[in-house]
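Below is one structure; the comments refer to it alone.
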Amino acid sequence: MEGEDRFEVLLTEAEIERRVREMGHEITRDYEGRDLVMVGVLKGACVFLSDLCRHVHLPVAIDFLGLSSYGDSTTTSGVVQITQDLTQSIVDRDVLVVEDIVDTGLTLHFLLENFRVRKPRSVRVCTLLHKPSNTVRDVPLDYVGFTIENRFVVGYGLDYEQRFRNLPYVGYVRTP
Ligand code: IMP
Ligand code: MG
């Protein structure tokens, strides 16, 4: 598509598809007989969640949470606001937070603290991507699709200035 030539492919559509299928099967095994609620963090996780949930062969519930960070877009302050809350109760239920990418871990740290007071039965985290080199807050990641280097990535839900979330692969910005 137009403008796509500025990106270099990091993870192909086929690689992502294979890994997402594996993760779905792992989640299926781990949550058999439980009351699983998959919670996607908007907007980045929507593509990953929609593919992932179709490989989870259990009667799961799906919900979304909108978050926004204060401060400018280049530095994560860790002060996060809920812009759209869950539509169902998670009391006594098994919550799986689905994220596109964990970078500093600040967003997820906030979210896990917020969820804890709502008394779910369990909370686990599933992220497609992890950039461990930027860790500020160590949060337990239960399912990780790919561990990547410290590069700005785009596609498969991740945006570049709010665009290109619809790329079927994950790419990084080519340096001229
Ligand atoms: P954290 O609080 O630093 O872990 O921030 C995680 C959030 O920052 C993700 O949910 C993304 O929305 C965004 N983010 C971090 N790295 C990237 C990237 O390389 N591309 C696009 N968005 C990113
Ligand atoms: Mg996000």
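Counting from 1, the numbers follow the sequence of the chain as shown. Order of appearance sets the numbers: ligands from 1, and atoms from 1 within every ligand.
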Next item on the list: Please state whether Lys131 comes within less than 4.0 angstrom of ligand 1, counting heavy atoms only.
Entry: yes
Note to self: Is the contact between Arg151 and ligand 1 made by the side chain, the backbone, both, or neither, using heavy atoms and a 4.0 Å cut-off?
What the structure shows: backbone
Next item on the list: Kindly give the cluster partners of Val117, where membership spreads through any ILVMFWY side chain lying under 4.5 Å from a current member.
Entry: none
Next item on the list: Using distance alone, with no hydrogens and no angle criterion, decide if Glu26 and Tyr31 have a side-chain donor and acceptor under 3.5 Å apart.
Entry: no
Next item on the list: Decide yes or no on side chain to side chain donor-acceptor pair (under 3.5 Å) for Asn134 and Thr104, but give the supporting numbers first.
Entry: CA-CA 5 Å; Asn134 276 345; Thr104 62; over 6 Å; no
Margin query: I'd like to know whether ligand 1 has Gly105 as a neighbour, heavy-atom separation below 4.0 Å.
Written below: yes
Check: Do any nitrogen or oxygen atoms of Val153 lie less than 3.5 angstrom from nitrogen or oxygen atoms of ligand 1?
Finding: yes
Note to self: Between Tyr143 and Asp30, do the side chains contain a donor N or O and an acceptor N or O under 3.5 Å apart?
What the structure shows: yes
Notebook entry, point to check: Quick one: does Ile101 get within less than 4.0 Å of ligand 1, heavy atoms only?
Noted result: yes
Notebook entry, point to check: Counting heavy atoms only, which of Asp100, Val102, Thr104 is nearest atom 1 (P) of ligand 1?
Noted result: Thr104
Check: Taking NZ, NE, NH1 and NH2 as the nitrogens, is one of them in Glu17 or Arg21 under 4.0 Å from a carboxylate oxygen of the other?
Finding: yes
Next item on the list: Examine Leu158 against ligand 1 and note whether any of their N/O atoms are separated by less than 3.5 Å.
Entry: no
Next item on the list: Identify which of Thr135, Thr107, Val139 has a heavy atom lying nearest to atom 2 (O) of ligand 1.
Entry: Thr107
Margin query: Strictly by salt bridge (Lys or Arg N to Asp or Glu O under 4.0 Å), give each pair with a member in residues 110-122 just once, sequence neighbours left out.
Written below: Asp85-Arg118, Asp94-Arg121, Glu113-Arg116
Check: Is Arg19 paired with Glu22 through a side-chain N to carboxylate O contact shorter than 4.0 Å?
Finding: yes
Note to self: So if I count the atoms of ligand 1 from 1 in the order they appear, which ones are less than 4.0 Å from some heavy atom of Glu99?
What the structure shows: 10 (O)
Margin query: Regarding ligand 1, does Asp103 bring an N or O atom to under 3.5 Å of one of the ligand's N or O atoms?
Written below: yes
